[in-house]
Amino acid sequence: MIPAIAKLPRVILGAYPTPLDDAQRLSAALGGPRIFIKRDDLTGLALGGNKCRKLEFILGDALQRGIDAVIGTGGSQSNFALQLAAAARKLKMEPYLVLVRDAHPEKQGNLLLHDILDAHVIQVDKAEIPDASGPAMVARMNALADELRQKGKNPLVIPVGGHTPEAAAGWVNAADETWKQLKALKTKAQYFIITNGSTGTQAGLELGVKYLKLPTKVIGISVSKKNPEATKKVADMANETARLLSMNVSFTSEDVTVHDNYIGEGYGKMTEECLQAIKLVARTEGIFLDPVYTGKTMAGLIDLIKKGKITSKDTVVFFHTGGVAALFPYANEMTA
Ligand SMILES: Cc1ncc(COP(=O)(O)O)c(C=O)c1O
C-alpha cells in the first residue's frame, strides 16, 4: 500500500484485490478496445460496491474515537446507505439513515436489505428536504445526532456518499491495486472509466494516477452533476486528499474529464442507452450492472467507442462500483 495511506486509521471491511475480469466477449461485441472490468461489486461487504473502500477509512477513524452510532444519508435506494448500515452492524455501531424519498421508496432492493439489517431508516419528503447533499439534510442529521447524544450515544454524521478526503484515499489505493494487476498481466491501460456521483471515487483515482505517474487517463461519467460543477468537485477533493496524504501533486478543473451527457432526464431516471448497456454486459459477460450508476457509465463507454474517441487499439478498465440491488425496485423501468 502507498505508505502515506498505510498510516491512516483503517478497518478492513472487504477482500482485496477485487478481481480484474478480462471482458473479451463484451470487447468483441463492441469491436474492441480491450476491456477489463474491475469488480468492486465483489468487495464482499453486503452486496459489494465502491463505498466499501471509502468506509474502511471513515469507520477506521470512527472506531478509534469510540463512535457507537452512524448517521448517513442518500436517496431511498442509496447504495452508500446500505454499505454503511452493513459495515455498522459488523462493527457494532447502530446505523441511522435519513433518506430523501424518491421514485422507489418501496421495501425492495436496498430498503429490503435495510429491513434485514434492522437499520433505523427515516424517509423524509422532498418538500421538507429536497436534496441529500444540501444544508437542510445536514441540519436534520445534526439534530438526530443531538438526540442520540442526549440518550448517551456517541454518533458520527457522515456526508452523503462518504465524501471525505480520508474516504477518497481508499480510491487512491484502488488505482495502485489495479495497476499492479495490469502489470502482472504484462499490460497497461490508456483509460480508467469511472462513475461520477458525489465525486470522491473519481477524485481518489485521479490522485492515484497522478501520484503514481501512471500513463492512464481517468474518464468520469456523471450520473447527476453537470459541468463545471462536476470537474471542480473532483479537483477540489483530489487536492484535499493530496494535502491529507502530503502528496506533492495538485489539480485544476482542466485536469479532470467528466462527461455530463449520459445523465438523461436526471439522477436515477432510466435511459434507453443505460437499459441496453445493462443487457449487453449481462448477455456477454454474465455480469449485472445497476440502473442508476454503472449502467449509465457503461452507456457512456459504449458511446465513446462508437464515436471513435476510444479505439480498438486502446485498453480500458471499467470500474464496476456495485449498486446491483437497485435492479429490483427498477423492475418496471427495466422492462420498458
Ligand atoms: C454503485 C455506485 N457507483 C458509483 C457511485 C459514485 O461514487 P461517488 O459518489 O464517489 O462519486 C455510487 C455512489 O453512490 C454508487 O452507489
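The first residue in the sequence is number 1, and the count goes up from there. Counting convention: from 1, in listed order, for ligands and their atoms alike.
The hydrophobic clustering, which links ILVMFWY residues whose side-chain heavy atoms are closer than 4.5 Å, places Tyr16 and Phe36 apart.
Note that the CG atom of Asp40 and the OG1 atom of Thr294 stand 12.0 Å from one another [nearest 0.5 Å].
For the pair Thr216 (side chain) and Ala189 (backbone), a donor-acceptor distance under 3.5 Å is present. In this structure, the side chain of Glu56 engages the main chain of Gly14 through a donor-acceptor pair within 3.5 Å.
Applying the 4.5 Å side-chain rule to ILVMFWY residues, one finds Val11, Leu13, Leu45, Leu55, Ile58, Leu59, Leu63, Ile67, Val70, Phe80, Leu91, Met93, Leu97, Leu99, Leu111, Val121, Leu156, Ile158 in the same cluster as Leu84.
When all heavy atoms of Ala85 and Leu117 are compared, the pair lying nearest together is CB-CD1, 3.9 Å.
The protein residues lying under 4.0 angstrom from ligand 1, judged by non-hydrogen atoms, are Asn50, Lys51, Lys54, Asn79, Thr195, Asn196, Gly197, Ser198, Thr199, Gly200, Thr201, Tyr293, Thr321, Gly322, Gly323.
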